Amino acid sequence: MIPFNTPPFVGKELDYMKQAIESKKICGDGEFTKKCHRLLEQQTGCEKVLLTTSCSHALEMAALLTEIKPGDEVIMPSYTFVSTANAFVLRGAVIVFVDIRPDTMNIDETLIEDAITSKTKAIVPVHYAGVGCEMDKITEIAKKHNLLVVEDAAQGVMAYYKDRALGTIGDVGCYSFHETKNYSMGEGGAVLVNNREMHERSEIVREKGTNRSRFLRGQIDKYTWVDVGSSYLPSDMNAAYLYAQLEMAEEINNNRLASWNKYYEAFEELEENGLVQRPFIPDECRHNAHMFYLKVRDIEQRSELIAYLKTKGVAAVFHYIPLHSAQAGLRFGRFHGEDKYTTKESERLLRIPMYYGLTDKEINYVVESVYSFFKR
Ligand SMILES: *Cc1c(COP(=O)(O)O)cnc(C)c1O
């Protein structure tokens, strides 16, 4: 059986976790957390990166930092993971879903402006598959209407839009280090605080609404409750696990890209024959091979292909029932404009095995299995 995903493991994780344990400082913001912060800041160019317990929590922090209030509207695609919406719904926001572009599956930037009302506070682009949204246009709209931008870059670690790291372009960016993502700590994430006015508050919100971070730096002599907040910092043992992978980020990225490129070439013929569509990467984007997907004719053919691959021992999956059509989506949001592509394109898409360390043999087998489905 070729799994759909297997969590990345580079070898040094246990050693670093042992060091964290032996340091007798295993709670949040220990040595390995600091090392991760420094590495991520260097790699992205963001001045303030803070590890969190998940990307869902990074998004919740973003919703607190953007000061979303009940009744405020937040614009995002419907084709995304539930956490993108939940973070803002938890603050009482109304979610306004906008259609996606069929080529990248990202929010259609040309439809955003029409969805803006006097209640709109933020735009939340999601960089699907680690392929950047059209951020120049989104930033321009946000500036014009005085809106904040929160990037859901859960899938976008080590990916770029016009040479800027995804997650560093909006006011706040959110990364995921979940087991299914390119770099992992089991459960975890990071918040990238690009807007300087939010720097101090980001530390407070993450530390239960206290000024403990300033206290630890010796800037004040006791710490106290100063704002609303929660506990969003991971244990240093988890950070130690992640650090091993961040040190190898370039190598993991190149390994994934090599596998992605092999799939891409191998499926060229199927695409030329009009049987599938491969992912599209705009010229402005450098992606990170977070996933490899194929789009087939329709939902029936997708179900058949997934079932067929299963008989061959290949795990393929689909995801994202569009949020606007889900029970909670109907309750907490509305779709602005026409759903031209969100439902239709989401029903055609399936993801095939993609992970660090995928072998050529496995890639060839997956490719052959897909070809044999269409030759039946
Ligand atoms: C994985 C993912 C999340 C949630 O990440 P967690 O770290 O599991 O909370 C949010 N948004 C998108 C687009 C994701 O892919």
Side-chain angles (χ1 to χ4, degrees), residues 4-5 7-8 36 40 49-64 74-90 95 97-98 100-101 104-107 122-133 135 138 149-159 161 166-167 169-170 172-192 206 230-235 238-239 241-242 245-246 256 279 287-293 317-324 326 328-329 333 342 345-346 349 351 354-355:
F4 162 67
N5 174 64
C36 289
L40 284 165
V49 180
L50 297 168
L51 289 190
T52 58
T53 29
S54 64
C55 181
S56 303
H57 280 166
L59 287 159
E60 284 180 31
M61 276 187 64
L64 285 164
V74 176
I75 296 173
M76 65 179 65
S78 169
Y79 185 66
T80 183
F81 188 58
V82 295
S83 296
T84 322
N86 265 329
F88 298 93
V89 168
L90 279 164
I95 309 299
F97 298 111
V98 164
I100 53 167
R101 299 165 37 149
T104 56
M105 304 298 281
N106 282 334
I107 191 166
I123 307 171
V124 187
V126 179
H127 305 299
Y128 184 69
V131 179
C133 296
M135 291 308 291
I138 293 171
V149 176
V150 174
E151 297 174 72
D152 182 339
Q155 304 176 6
V157 185
M158 291 288 284
Y161 168 82
L166 299 186
I169 305 164
V172 186
C174 303
Y175 282 171
S176 175
F177 299 120
H178 184 261
E179 142 183 325
T180 54
K181 300 302 202 287
N182 294 23
Y183 310 93
S184 178
M185 55 199 280
E187 299 277 356
V191 62
L192 289 81
R206 181 167 164 273
S230 188
S231 184
Y232 292 123
L233 62 171
S235 117
N238 294 53
Y241 189 98
L242 177 68
Q245 303 192 0
L246 293 182
R256 295 184 74 109
H287 73 113
N288 59 1
H290 172 61
M291 71 171 84
F292 195 94
Y293 65 78
V317 302
F318 68 88
H319 64 169
Y320 303 158
I321 307 290
L323 298 184
H324 74 282
T342 299
E345 296 301 302
S346 72
L349 183 146
R351 302 169 63 186
M354 169 56 80
Y355 47 84

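One-based numbering, in listed order, for ligands and for the atoms of each. Note that this is a predicted model, so its numbers are computed, not measured. Hydrogens, waters and symmetry mates are skipped; everything else that's a heavy atom, side chains included, is used.
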State, to 0.1 Å, how close Asn106 and Val131 come at their nearest heavy-atom pair, and which atoms those are.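 Here Asn106 and Val131 meet closest at ND2-O, 2.9 Å.
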
Where is the tightest heavy-atom contact between Val126 and Pro77, given as atom of each residue plus distance?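 The answer is CG2-CG, 3.7 Å.
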
Tell me the contacting part of Tyr175 for ligand 1: side chain, backbone, both, or neither, using a 4.0 Å heavy-atom threshold, strictly below.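 No part of Tyr175 is near ligand 1 at this cut-off.
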
Under a 4.0 Å heavy-atom limit, does Val126 contact ligand 1 with its side chain, its backbone, both, or neither?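 The side chain, only.
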
Name the closest protein heavy atom to [atom], giving the residue it belongs to and the distance to 0.1 Å.
atom: atom 9 (O) of ligand 1; value: Ser56 OG, 2.6 Å
atom: atom 3 (C) of ligand 1; value: Phe81 CD2, 3.6 Å
atom: atom 14 (C) of ligand 1; value: Ala154 CB, 3.3 Å

Measuring from atom [atom1] of [X] to atom [atom2] of [Y], what distance do you get when rounded to the nearest 0.5 angstrom?
X: Phe177; Y: Cys36; atom1: CZ; atom2: SG; value: 7.5 Å
X: Gln155; Y: Tyr175; atom1: CD; atom2: OH; value: 13.0 Å
X: Glu151; Y: His127; atom1: CD; atom2: NE2; value: 3.5 Å
X: Phe97; Y: Ile107; atom1: CZ; atom2: CD1; value: 10.5 Å

Hey, which atoms in ligand 1 end up nearer than 4.0 Å to a heavy atom of [X]?
X: Cys55; result: 4 (C), 5 (O), 6 (P), 7 (O), 9 (O)
X: Ser54; result: 7 (O), 9 (O)
X: Gly188; result: 7 (O)
X: Tyr320; result: 13 (C), 15 (O)
X: Lys181; result: 1 (C), 2 (C), 14 (C), 15 (O)

Check for me whether the distance between the ring centres of His319 and Tyr293 falls short of 6.0 Å. no

Report yes if some heavy atom in the side chain of Leu246 is under 4.5 Å from a heavy atom in the side chain of Leu40; otherwise report no. yes

Would one find more than 12 heavy atoms of other residues, nucleotides or ligands at under 6.0 Å from atom CZ of Phe4?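 For Phe4, atom CZ is crowded (more than 12 foreign heavy atoms under 6.0 Å).
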
Report yes if [X] has an N/O atom closer than 3.5 Å to an N/O atom of ligand 1; otherwise report no.
X: Glu187; answer: no
X: Thr80; answer: no
X: Asp152; answer: yes
X: Gln155; answer: yes

Hey, what's the ring geometry for Tyr320 with Tyr79, parallel, tilted or perpendicular (30° and 60° as the breaks)? perpendicular

Counting only heavy atoms, tell me which of Ser176, Ser83, Ala87 gets closest to atom 7 (O) of ligand 1. Ser176

